[in-house]
Each structure stands twice: as C-alpha cells, then as structure tokens.
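Remarks on the structure that follows.
The structure presented is a predicted model; accordingly, all values stated were derived computationally and were not measured.
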Amino acid sequence: LSVLESEAKVRQLMLEQPGEIFVCAINGPEQLVVGGSEAAVERFAERCTQLRVKNKRLQVPCAFHTPLLADTQSPLKSALAKRKIHPPRR
C-alpha cells in the first residue's frame, strides 16, 4: 500500500495494528510503502481513508520486505547452497 504521509504519521497509524503492518520502503519524505497480510493492509487502507490520508493499493503478489516472507529465506538459501555459481562468461 502506497501512503502519501510522513513517516512519523504512518508509524503512528501502525500502532493501531501492532505487528500487522510493516514499513517496506520510504520513497520520499511523505511517500511510504507499507505491507502485511491482505486483511491487515485492507484495514490500514480503510483507516487511512477515514483520516483522509491518500493511499493506493499496489498490485504485488506478496508482502515484499516484511517479516511475512521470513519463512521463505531458509529454503531459498538451502537451494542456492546446492548450486555451483560461476562468474558470467564474457
């Protein structure tokens, strides 16, 4: 969810949903991307709209840059460890 508001204000709003919404990116002084589960992001968007904080749902397949993807790291690292990696050919 892209949110057009200061980081301080967004983090303040996040306190209403502790452990459910995470800052994924800070793209500017008043433009952040937050993520979480689909339901949590929907609730956060609704709350932003109630407070007249501009927001836009981003079309992404998963909650990138959040702890929700932590479970994917170990299997990925294991799979990569089994591969022999070579420098690119010129």
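A search for side-chain contact (heavy atoms from CB on, under 4.5 Å) contacts involving A8 returns S6, not counting sequence neighbours. Not counting sequence neighbours, the partners of Q17 by the side-chain hydrogen bond (donor to acceptor under 3.5 Å, both in side chains) test are E20. For R57, the side-chain hydrogen bond (donor to acceptor under 3.5 Å, both in side chains) partners are E42, not counting sequence neighbours. Under the salt bridge (charged side-chain N to carboxylate O under 4.0 Å, His left out) criterion, E7 pairs with R11, sequence neighbours left out. In this view, Q12 satisfies the side-chain hydrogen bond (donor to acceptor under 3.5 Å, both in side chains) rule with no residue, not counting sequence neighbours.
Closest non-hydrogen pair, V41 versus G35, comes out as CG2-C, 3.9 Å. The shortest non-hydrogen separation linking C48 to V3 is SG-CG1, 4.4 Å.
Within a 6.0 Å radius of CD in E38, other residues, nucleotides and ligands contribute 12 heavy atoms or fewer.
To the nearest 0.5 angstrom, R52 atom CZ is 12.5 Å from K54 atom NZ. Note: E5 CD to N55 CG = 11.0 Å, rounded to the nearest 0.5 Å.
Looking at heavy atoms from C-beta onward, M14 lies in side-chain contact with V23 at the 4.5 angstrom threshold. A heavy-atom distance below 4.5 Å is not found between the side chains of L1 and L58.
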Worked check of side-chain contact (heavy atoms from CB on, under 4.5 Å) between H86 and K84: CA-CA 7 Å; H86 303 279; K84 188 170 182 177; 3.7 Å; yes
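Cluster membership for F44 and L51, using ILVMFWY side-chain heavy atoms within less than 4.5 angstrom, is shared.
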Give every donor-acceptor pair under 3.5 Å between a side-chain atom in residues 25-34 and any protein atom, sequence neighbours left out.
from: N27; atom 1: ND2; to: Q31; atom 2: OE1; distance (Å): 2.8
from: Q31; atom 1: NE2; to: S2; atom 2: OG; distance (Å): 2.5

